[in-house]
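Have a look at the structure below before the remarks.
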Amino acid sequence: DLKVNDLGFAFNKAMKIVSETPRTKVVEKTDTFIHAEAKTKWRRFTDDLLIKAIPEKSIIQVRSESRVGIGDNGVNQKRVDDFAYRLMTE
């Protein structure tokens with residue numbers, strides 16, 4: 001969970017970050033939810049990137065998960081960490 005001061009600004013920034021991320025395509029968006037498909041660099045597996053704004057708590061939740069297989073070599077954790085860094089610093 002990422003605590004933010006201005007949830008609207010942070011959610012708009014989240015959308016911008018996702019749209020600028022290579023091999024990532026937004027497939028669903030609402031006022032508080034983004035679902036994107038991210039292709040891995042190696043072998044082009046599709047992972048799901050889920051971002052949810054929770055207004056009552058002023059937080060953004062981020063989740064990235066593989067659709068297939070039992071391991072991802074840390075790709076999903078790296079994706080979440082990179083997203084969180086960009087959201088909180090840029």
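Quick caveat: nothing in here was measured; it's all calculated off a predicted structure.
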Problem set entry | Qualifying residues under salt bridge (charged side-chain N to carboxylate O under 4.0 Å, His left out), relative to Asp82, sequence neighbours excluded | Arg86

Seminar exercise, completed: Using a 4.5 Å side-chain heavy-atom cut-off and chaining through intermediate ILVMFWY residues, the residues clustered with Val68 come out as Phe45

Problem set entry | Atom of Ala53, atom of Pro55 and distance for their closest heavy-atom approach | O-CD, 3.4 Å

Exercise. For Arg63, which residues count as a side-chain hydrogen bond (donor to acceptor under 3.5 Å, both in side chains) partner, sequence neighbours excluded?
Worked result: Glu65

Problem set entry | Hydrophobic cluster of Phe33, others only, ordered by chain and residue number, side-chain cut-off 4.5 Å | Leu50

For this session: Enter the distance from Ser64:OG to Gln77:CD here, rounded to the nearest 0.5 Å.
Result: 9.0 Å

Exercise. Counting N and O atoms only, with roles assigned by atom type, does the side chain of Arg43 sit under 3.5 Å from a partner on the main chain of Thr40, one being a donor and the other an acceptor?
Worked result: no

Seminar exercise, completed: Residues passing the side-chain hydrogen bond (donor to acceptor under 3.5 Å, both in side chains) test with Lys78, sequence neighbours excluded, are none

Seminar exercise, completed: Applying salt bridge (charged side-chain N to carboxylate O under 4.0 Å, His left out) to Asp47 and not counting sequence neighbours gives Arg79

Problem set entry | Partner residues of Arg67 under the salt bridge (charged side-chain N to carboxylate O under 4.0 Å, His left out) criterion, sequence neighbours left out | Glu37, Asp48

For this session: Indicate yes or no for a side-chain donor-acceptor contact from Thr21 to the backbone of Ser19 under 3.5 Å, with no hydrogens or angles considered.
Result: no

Problem set entry | Check: Asp6 side chain, Gly8 main-chain N or O, donor-acceptor pair, under 3.5 Å | yes

For this session: Considering non-hydrogen atoms only, spot the tightest contact between Arg23 and Arg44 and give its length.
Result: CD-NH1, 3.1 Å

Seminar exercise, completed: Residues at least two apart in sequence or cross-chain that pass salt bridge (charged side-chain N to carboxylate O under 4.0 Å, His left out) with Asp1, listed by chain then number, are none

Exercise. Which pairs pass salt bridge (Lys or Arg N to Asp or Glu O under 4.0 Å) with one or both residues in residues 7-16, sequence neighbours excluded?
Worked result: Lys16-Glu20

Exercise. For Thr46, what residues pass the side-chain hydrogen bond (donor to acceptor under 3.5 Å, both in side chains) criterion, not counting sequence neighbours?
Worked result: Lys39

Exercise. Are a donor atom and an acceptor atom from the side chains of Asn5 and Ser58 found within less than 3.5 Å of each other?
Worked result: no

Problem set entry | For Ile51, the rest of its hydrophobic cluster, which grows through side-chain links under 4.5 angstrom | Leu2, Val4, Leu7, Phe11, Met15, Ile17, Val18, Val26, Ile34, Leu49, Ile60, Val62, Val80, Phe83, Leu87, Met88

